[in-house]
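One structure is given below, encoded as structure tokens.
Predicted, not measured: the structure shown is a model, and the values here were computed from it.
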Amino acid sequence: MEHPQNHQHMHHHDDGRPSRGTLTKPAAAPAAGRPGGHARNDDDHAVHTHGQHAGHSTAMFKNRFWLTLVLSVPVVYFSPMVGHILGYMAPMFPGSAWIPPVLGTVIFLYGGQPFLKGGLQELKDRRPGMMLLIAMAITVAFAASWVTSLGLGGFDLDFWWELALLVAIMLLGHWIEMRALGSAQGALDALAALLPDEAERITETGTETVPVSELRPDDLVLVRSGARMPADGTVVDGQAEFDESMITGESKTVPRGPGDSVVAGTVATDTSVRVRVTAVGDDTALAGIQRLVAEAQSSSSRAQALADRAAAFLFYFAAGAGLVTFIAWTLMGSIPDAVTRTVTVLVIACPHALGLAIPLVIAISTEQAARAGVLIKNRMALERMRTIDVVLFDKTGTLTTGQPQLVDVAAADGVAADELLALAAAVESDSEHPVARAIVRAARERNLALPAAAGFTSLTGRGVRATVDGRTVHVGGPALLRELGAVEPSALAQSTRGWMDRGAAVLHVIDDDGSVLGAVSLEDAVRTESRQAVAALQNRGVKVGMITGDARQVARAVAADLKIDEVFAEVLPADKDKKVAELQARGLKVAMVGDGVNDSPALARAEVGIAIGAGTDVAMESAGVVLAGNDPRAVLSMVDLSRASYRKMWENLVWATGYNILSVPLAAGVLAFAGVVLSPAAGAVLMSASTIVVALNAQLLRRVKLNPSEVR
């Protein structure tokens, strides 16, 4: 069907960009490990390749923790110090005194191995950090305890139980951290596991079952009720409700029929459909999302770098404090006290809580966001989102659906509105044009009976015509009116002028005698979710802007509907980044939300670039964040998560650094003159408690509601 120029913007993107599916192929990701892009969901065996955990797996820390915990029980129980504190006497038998030293040595060599190796590597690299601090603490405790057990020098430095608990707590903390760091990848592996192993390919003689890896673009596949899509594709026959929650985070099913795109891993919940494959393997949306989260895991964070620098500082602080402590107590003539205080300082100065403070928060944030369909490619985007002053939305396909929708019907005197709509839908029923489909869809939604139409003809650039009940009926815009010499009744013209002022597409229905029976108006449909997103952002003190290539009257109508603060209309794609720069020049921090194609320069220039619609467009290199679905409310999830994670970072930093700043001087004995001394036992317990508090505090981020439908 051909329709007049005045409403062609209804079925093209507002900036002339190609429709979805025409993107260039993203860089291939490493094979996920199973045919069709599968990857086994096995967080425990995920081996980290960077940072302080390079070469370590979650399972390694877990296994060492449990064995260390079991060995720690007799070490603690047979410790004379613990018995004295708790008021019990451990049973004595030949060799019982050697239980703590022997098992403590096993704990040191086996449980402490990751920290000893990591500390040695940091020493070789001349980059002291967390692992070196842990290694220093457990080595000092190990040496001091053996000196006591062997009766050398008369020291009472029986620290076997502190060593055992220290290693156990450190292993527990690293296990928690590794699980969190692997969670986002685990969520991705779970997504990849959603792909079926086999697919039913339709052939000339029926169907054949083939591995998903053998599917190729343009293959026709049968997806039965309850089955998952094996690849991305377009429905060619049948209609079904699809569960797309694994892609969009939205639990409500969505209808998909002929011409609609469907994504690998989604489920046809009620009926069978036939689908033409458009993308397989690394080209599918799931593979693209997998790459995005992999990038999120490997991206660096300024806040995390701050924690690493703080750890290096604390290493020098601990070593310096230990040296000063030893010299000071030695000068006071007490070598045993000097050794005891120095050992205590070095054991409890390990800032493992600081090591967890920020990385754990960021890891959990990334994981929670991924589960809600918010894919954070660059962690800095998450950190910046809390500071954003204005969110600038691209209009078409973001705030609106990008598809025409029937808005109003006006009939001439003597004609019922439903009768007019049914007549227009009958004429348009053989057309696949988006405007025609919108008219037919509106008639069906109103349960109107469509009269039979024949002789459908498309009139290039003007409209269409068909024969209905023996008369020729035309549907078209102003050009068709002029061609047929038809004149609108004045009452009808009043309605259509108002529609045109809003920028709506107006189509007239003209009878075979040239009389105008009525008109219909169509507009780019505003998403219901957009109203909620705009209002919620403004309630959070964030301004909302809109940018579009559409005419000013169209932009003004949408902006008025959504109560948007600022509008940029008739903007060429190449100039969108200039508008972002214009806002920044006013001192505003901008988050740009677009589709990642021609919006790329603007996405890159903004403080935070958010690409929307990763269900089909996954090659959005310019955005720091990708929303898996098309729901603009997901931007709210980003704001809330950013603010919540920032609070957690600071809470954890204050707790972790506060512990070290207070405990080290006390352990050194600066208040010994007042009778206040932090004993080795108390220091070890407080250090362990600090680590656990920081880890549990970070876990509270899981309570933040990120489902777009729940964000208010």
Side-chain angles (χ1 to χ4, degrees), residues 11-13 17-29 31-32 35-38 191-192 194-204 207-224 227-244 246-248 254-268 271-292 373 375 397 401-403 432 434 437 595-598 611-621 626-630:
H11 48 89
H12 289 285
H13 286 297
R17 57 184 177 256
S19 60
R20 297 187 188 278
T22 60
L23 296 174
T24 56
K25 177 182 175 182
H38 279 68
L191 277 180
L194 293 175
L195 287 179
D197 292 312
E198 297 176 328
E200 284 191 73
R201 184 163 58 192
I202 298 172
T203 65
E204 294 179 358
T207 62
E208 60 177 356
T209 301
V210 298
V212 169
S213 58
E214 290 187 15
L215 287 181
R216 296 291 179 267
D218 287 332
D219 280 351
L220 196 61
V221 294
L222 175 65
V223 181
R224 298 185 185 275
R228 293 188 183 276
M229 279 294 303
D232 291 358
T234 304
V235 178
V236 295
D237 185 32
Q239 185 151 350
E241 292 284 330
F242 271 77
D243 176 2
E244 298 183 348
M246 65 289 301
I247 298 294
T248 64
V254 291
R256 294 287 181 254
D260 291 336
S261 296
V262 284
V263 181
T266 56
V267 182
T271 56
S272 299
V273 290
R274 292 170 184 247
V275 176
R276 179 77 63 188
V277 173
T278 57
V280 295
D282 286 341
D283 294 335
T284 63
L286 275 178
I289 293 171
Q290 206 166 13
R291 284 190 289 276
L292 294 177
L375 308 168
T401 63
Q403 295 295 325
E432 287 301 315
R437 291 180 65 183
D595 70 359
V597 187
N598 288 334
I612 193 166
T616 48
D617 295 345
V618 295
M620 305 185 185
E621 302 301 328
V626 177
L627 308 183
N630 291 315

With rounding to the nearest 0.5 Å, note down the distance linking [atom1] in [X] to [atom2] in [Y].
{"X": "D237", "Y": "R276", "atom1": "CG", "atom2": "CZ", "result": "11.0 Å"}
{"X": "T234", "Y": "L220", "atom1": "OG1", "atom2": "CG", "result": "11.0 Å"}
{"X": "T278", "Y": "D219", "atom1": "OG1", "atom2": "CG", "result": "11.5 Å"}
{"X": "M229", "Y": "T266", "atom1": "CE", "atom2": "OG1", "result": "6.0 Å"}

[X] and [Y]: which non-hydrogen atoms are nearest, and at how many Å?
{"X": "A231", "Y": "V277", "answer": "CB-CG1, 4.0 Å"}
{"X": "S272", "Y": "L222", "answer": "CB-CD1, 4.2 Å"}
{"X": "Q239", "Y": "P255", "answer": "NE2-CB, 4.4 Å"}
{"X": "R201", "Y": "V210", "answer": "NH2-CG1, 3.5 Å"}
{"X": "V273", "Y": "G238", "answer": "CG1-C, 3.8 Å"}
{"X": "P230", "Y": "V212", "answer": "O-CG1, 3.6 Å"}

Any residue meeting side-chain hydrogen bond (donor to acceptor under 3.5 Å, both in side chains) with E198, in chain and number order, not counting sequence neighbours: none
Carefully, step by step, assess V235 and R274 under the rule side chain to side chain contact (heavy atoms under 4.5 Å, CB included). CA-CA 6 Å; V235 178; R274 292 170 184 247; over 6 Å; no
Heavy-atom side-chain contact between [X] and [Y] under 4.5 Å:
{"X": "P217", "Y": "V280", "answer": "yes"}
{"X": "V221", "Y": "L215", "answer": "yes"}
{"X": "P211", "Y": "D197", "answer": "no"}
{"X": "D232", "Y": "V262", "answer": "no"}

Check whether any side-chain N or O of R228 sits under 3.5 Å from a backbone N or O of G265 as a donor-acceptor pair, and report yes or no. yes
